[in-house]
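In what follows, chains carry the letters A, B, and so on, assigned in the order in which the sequence lines appear, proteins first and then strands, with residues in each chain numbered from 1.
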There are 2 protein chains.
Amino acid sequence: MAKIATTVYEQIRTAILTGELSNSERLVEEDLAVSMGISRTPVREALRRLAAEGLVDVSPNRGARVAEWDVHDLREIFDLRSILESHACELATPRASAAEIEFLENVCLEMEELAQTELSSETRLPALAARNRIFHGKIIEMSNSTRLGLLIETLIHVPIVMQTYKVYSPEALQRSLHHHREIVNAMKAGDEVWASSVMRAHVLAAREEILGQPDPA
Amino acid sequence: MAKIATTVYEQIRTAILTGELSNSERLVEEDLAVSMGISRTPVREALRRLAAEGLVDVSPNRGARVAEWDVHDLREIFDLRSILESHACELATPRASAAEIEFLENVCLEMEELAQTELSSETRLPALAARNRIFHGKIIEMSNSTRLGLLIETLIHVPIVMQTYKVYSPEALQRSLHHHREIVNAMKAGDEVWASSVMRAHVLAAREEILGQPDPA
DNA sequence: ACGTTAAATTTTGTATACAAATAGAGCAGC
DNA sequence: GCTGCTCTATTTGTATACAAAATTTAACGT
């Protein structure tokens with residue numbers, strides 16, 4: 001239990017990601033501090049870190065609020081993700097080991113099985129979202145570019161907030177799973193153009209799926 | 001003179017960028033604080049911000065050091081810049097106004113004139129580097145994507161450190177200026193594929209120019 | 001001499017105290 | 001009733017104090 005600042009950073013972060021802290025809600029340092037039984041100092045540090053990641057907005061002398069995003073922001077984010085994640089695929093493909101391919105195939109399988117079960121969406125959706133993050137994260141890791149990973153990480157926070165609420169249509173879910181399979185197949189074939197193209201399409205399709213639906217608020 | 005933290009942030013930042021603080025030098029909070037006549041608190045905040053931008057590395061309980069980069073890091077950075085700046089060109093081209101094109105042409109002209117003068121490289125290089133940053137920054141601004149701008153900004157710090165020391169070969173300089181001209185011409189023609197392709201080549205050429213030369217340390 | 005361990009010093013992390021700035025309530029004037 | 005002001009109360013920004021951790025120094029034994 002090393003650093004308090006890190007702990008409170010994670011707490012506030014998950015509070016935002018789960019929607020516990022609603023959009024553009026004001027984050028008063030002292031309130032957060034007393035509610036966690038600590039002093040303002042680590043809270044302040046955590047808020048600045050969250051600001052650097054784009055999860056909160058801070059104005060000088062006026063404090064921090066939970067960041068909010070409009071449709072234009074989401075378009076930007078998904079466009080950039082489509083470019084960067086496709087690049088990750090391009091880099092990962094020639095480096096992919098048999099074990100890594102197998103790992104990705106396993107994630108695919110798990111997601112396909114989850115998709116077939118008749119679980120309520122309350123339990124199924126988070127499980128799918130978690131696997132999805134693992135799949136994308138693994139490919140980024142395989143790309144062996146730390147900066148690329150950092151860049152994508154900063155972009156991914158906002159979509160994660162949405163994923164908790166968003167219910168994908170059955171067709172979109174199927175398409176998404178097929179994309180994953182196709183990406184792995186392309187990587188197995190050593191075809192980085194194929195792999196990166198599917199990844200690009202995959203993220204752009206997700207963009208339309210999310211921007212097409214009405215706001216859940 | 002609002003916030004001390006911002007002032008000290010900028011001071012440390014330029015100290016790193018000008019090479020005044022050498023590579024992997026340790027940054028002790030108290031030392032920096034007394035040398036600027038302030039307390040540790042704003043210094044600490046500044047260091048965390050610099051860490052978020054990748055200019056310093058901080059380890060828990062072990063403080064901050066000036067970040068250092070190897071050849072692999074530089075490759076990563078230039079590869080990503082080539083992708084993102086080319087994307088900026090793609091977005092900017094259909095949006096470019098006549099005034100913006102003219103502005104870019106002016107920057108081209110100034111750089112061409114500077115290149116012809118027989119000034120010592122000590123004065124000429126910073127002037128060229130400044131214009132270069134203006135040129136690229138303008139195109140990013142024209143892309144109208146704040147997130148794209150932020151992403152590129154985080155990548156650009158390290159190359160800026162190099163630009164201060166690096167002496168370009170005359171041929172590389174000429175090629176660079178021709179690239180700039182060609183980019184503007186492509187934008188004027190409304191051809192975003194052309195424009196983004198030249199930009200991609202432009203950044204990749206810069207990568208080879210920098211990675212090809214031996215280390216100045 | 002060398003390496004290992006133990007104190008001493010330095011340095012980071014957190015808490016508290018105070019100053020400066022902002023936001024909000026209440027009131028005057030129109 | 002609405003606008004603009006002043007004064008109060010929050011809230012942020014900075015300084016200082018203290019505790020925990022790490023680094024350095026010194027001593028000790030083999």
Side-chain angles (χ1 to χ4, degrees), chain A residues 1-16 19-69 150 153 157, chain B residues 1-16 19-69 150 153 157:
Chain A
M1 263 285 235
K3 298 215 303 172
I4 299 182
T6 303
T7 312
V8 36
Y9 158 77
E10 284 164 359
Q11 283 189 32
I12 300 177
R13 184 172 177 274
T14 61
I16 295 175
E20 200 176 321
L21 288 168
S22 55
N23 252 14
S24 83
E25 182 166 338
R26 206 168 156 204
L27 299 170
V28 178
E29 293 174 3
E30 179 120 17
D31 292 0
L32 292 167
V34 298
S35 83
M36 298 174 173
I38 56 176
S39 92
R40 272 178 54 211
T41 313
V43 174
R44 196 176 165 78
E45 186 172 326
L47 287 176
R48 302 326 246 254
R49 245 205 276 181
L50 290 163
E53 294 180 6
L55 277 174
V56 311
D57 291 333
V58 322
S59 327
N61 288 320
R62 300 181 62 188
R65 326 182 76 92
V66 179
E68 54 180 335
W69 315 274
L150 290 173
E153 204 179 306
H157 291 307
Chain B
M1 263 291 227
K3 299 213 305 170
I4 298 181
T6 303
T7 312
V8 38
Y9 157 78
E10 284 163 359
Q11 284 189 31
I12 301 176
R13 184 172 177 276
T14 61
I16 295 176
E20 198 176 323
L21 289 168
S22 55
N23 252 14
S24 82
E25 181 166 340
R26 207 167 155 204
L27 299 170
V28 179
E29 294 174 2
E30 179 120 16
D31 292 359
L32 292 167
V34 298
S35 83
M36 297 174 174
I38 57 177
S39 94
R40 272 178 54 209
T41 313
V43 173
R44 197 176 163 77
E45 187 172 325
L47 287 176
R48 297 332 242 262
R49 245 202 276 181
L50 290 164
E53 294 180 7
L55 277 174
V56 312
D57 291 333
V58 324
S59 327
N61 287 320
R62 302 182 64 190
R65 324 184 77 93
V66 179
E68 54 180 334
W69 315 274
L150 290 173
E153 204 178 306
H157 291 307

Look up atom CG in B:Leu27 and atom CD1 in B:Ile16, then write down how far apart they are to the nearest 0.5 Å. 6.0 Å
Mind running side-chain contact (heavy atoms from CB on, under 4.5 Å) on B:Arg13 and B:His157 for me, showing each step along the way? CA-CA 10 Å; B:Arg13 184 172 177 276; B:His157 291 307; 3.1 Å; yes
If I take atom [atom1] in residue [X] and atom [atom2] in nucleotide [N], what distance separates them, rounded to the nearest angstrom?
X       : N      : atom1 : atom2 : answer
A:Arg65 : D:dT11 : CZ    : C1'   : 13 Å
A:Ile38 : D:dA20 : CD1   : P     : 16 Å
B:Glu30 : C:dT10 : CD    : P     : 11 Å
B:Ile4  : D:dT16 : CD1   : C1'   : 14 Å
A:Glu45 : C:dG13 : CD    : P     : 7 Å

Toward the 5' end of DNA chain C, by each residue's nearest nucleotide, B:Gly63 or A:Pro42: B:Gly63
Phosphate OP1/OP2 of [N] contacted by [X] side-chain N/O (<4.0 Å):
X       : N      : result
A:Arg44 : D:dT12 : no
A:Thr41 : C:dT14 : no
B:Arg40 : D:dG13 : no

What's the closest nucleotide to the [X] side chain, out of [options]?
X       : options                : answer
B:Val28 : C:dT12, D:dA15, C:dT16 : C:dT12
A:Arg48 : C:dG13, D:dA15, D:dG13 : D:dG13
B:Lys3  : D:dA15, C:dT14, D:dG13 : D:dG13

In the structure I gave you, are the side-chain heavy atoms of [X] and [Y] within less than 4.5 Å of one another anywhere?
X       : Y       : value
A:Val8  : A:Leu32 : no
A:Glu20 : A:Thr14 : no
B:Met36 : B:Ile12 : yes

Collect all protein-nucleotide pairs involving nucleotides 22-24 of chain D in which both atoms are nitrogen or oxygen and the distance is under 3.5 Å.
residue: D:dT23; atom: OP1; partner: B:Arg62; partner atom: NE; Å: 2.5
residue: D:dT23; atom: OP1; partner: B:Arg62; partner atom: NH2; Å: 3.0

Pick base, sugar-phosphate or nothing for B:Glu29, based on heavy-atom distances below 4.0 Å to the nucleic acid. sugar-phosphate
Once you apply a heavy-atom cut-off of 4.0 Å, does B:Leu27 come out as touching a base, just sugar-phosphate, or nothing? sugar-phosphate
Walk me through it: do B:Lys3 and B:Glu45 pass the test side-chain contact (heavy atoms from CB on, under 4.5 Å)? CA-CA 11 Å; B:Lys3 299 213 305 170; B:Glu45 187 172 325; 4.1 Å; yes
Show the numbers, then the answer: is there a side-chain contact (heavy atoms from CB on, under 4.5 Å) between A:Val43 and A:Glu30? CA-CA 8 Å; A:Val43 174; A:Glu30 179 120 17; over 6 Å; no
